Structure formats: C-alpha cells, structure tokens
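To start, the structure under review is shown below, and the notes come after it.
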Amino acid sequence: MTNFWTSKKPINGLRHFVLVNKTKEKGKIFYLMVSVVDCDINLKITFKDLFNSGNWEKGWLNIPKNESINEEYIRFKSLNKKKGINKIFLTDDSLFNIS
C-alpha cells in the first residue's frame, strides 16, 4: 500500500501526508494520516474517504510551494501556537522540502 498521499484540497493549509497507521473500529477501517511538514496536522479518515472520495492522490504530487503550503496554514499555526518552535525552517536541500 502507498504510504505517501497528496490531498486535492488543503487541510489546514497543507497537502502532503503520510499514512502512519491503519485501525479497525466497530467493523470500519480507518487510516491515520500525518502531514509531512507538521505533525500537529493529522487526521483519521475512512477507507472510503481515502480511496473512493476523489479527494486524495497516491504519492506526493509535485505542486508549487504556494499550493502545498498556503495562507491557511499560517492562520492555523497562529491560532494553535504551542511553546517551543513556532516557525518552519526548510532549505532547498532539506529532505522535507516537498515543492
């Protein structure tokens, strides 16, 4: 199974996610997804939502940076600030630079 996914619509301003776990609850299969840029952005979705909704593409699509990390992310982080690191530092040669 592919572990790397791109959301067709930004989720809290981000689009590249990793499938980190598969669970079964009350007979339904759920997938736990985490943003590759920020682990604070994570979600649990059903099999149907991941594979049949048309909202996800397998793999990480090569999309412009302003489409993979947008203004919505900055708003999300400003509303959900935690102590510690509050900025993202990505260089062009970073392993996590997805654009």
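On a predicted model such as this, the values are computed, not experimentally measured, just so you know. Every heavy atom of this structure was used, including side-chain atoms; hydrogens, water molecules and symmetry mates were not.
The salt bridge (Lys or Arg N to Asp or Glu O under 4.0 Å) contacts involving residues 44-64 comprise Lys8-Glu57, Glu25-Lys44, where partners must be two or more places apart or lie in separate chains.
You'll find the side chain of Asn42 stays beyond 4.5 Å of the side chain of Phe17, heavy atoms only. Ile29 places none of its side-chain heavy atoms less than 4.5 Å from the side chain of Thr23. Contact check for Leu50 versus Met33: side-chain heavy atoms found under the 4.5 Å cut-off. Contact of the Val37 side chain with the His16 side chain is not registered, since no non-hydrogen atoms from C-beta on lie closer than 4.5 Å. With contacts defined as side-chain heavy-atom distances shorter than 4.5 Å, the pair Ile41/Val34 does not qualify. For the pair Glu71 and Arg75, the minimum side-chain heavy-atom distance is below 4.5 Å. Looking at heavy atoms from C-beta onward, Leu19 lies in side-chain contact with Trp5 at the 4.5 angstrom threshold.
With sequence neighbours left out, the side-chain contact (heavy atoms from CB on, under 4.5 Å) criterion links Val18 to Phe4, Val20, Val36, Trp60. Shown here are the side chain to side chain donor-acceptor pair (under 3.5 Å) partners of Asn55, two or more places apart in sequence or in another chain: Ser53.
A continuous path of ILVMFWY side-chain contacts below 4.5 Å connects Phe51 to Leu32, so both sit in one hydrophobic cluster.
Gly59 approaches Thr2 most closely through the heavy-atom pair N-CG2, 3.7 Å. Shortest non-hydrogen contact noted between Phe76 and Asp40 is CZ-O, 4.3 Å. Taking each heavy atom of Pro10 and Glu72 in turn, the nearest pair found is CB-OE1, 3.9 Å.
Note that CD1 of Ile74 is 12.0 Å distant from CG of Leu79, once rounded to the nearest 0.5 Å. Rounding to the nearest 0.5 angstrom, the gap separating the CG atom in Leu14 from the OG1 atom in Thr6 is 11.5 Å.
Aromatic ring centres of Tyr31 and Trp56: separated by at least 6.0 Å.
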**Report entry** Lys77 vs Asp38, side chain to side chain contact (heavy atoms under 4.5 Å, CB included): CA-CA, chis, key distance, verdict
**Finding:** CA-CA 10 Å; Lys77 290 308 279 186; Asp38 187 337; 2.8 Å; yes
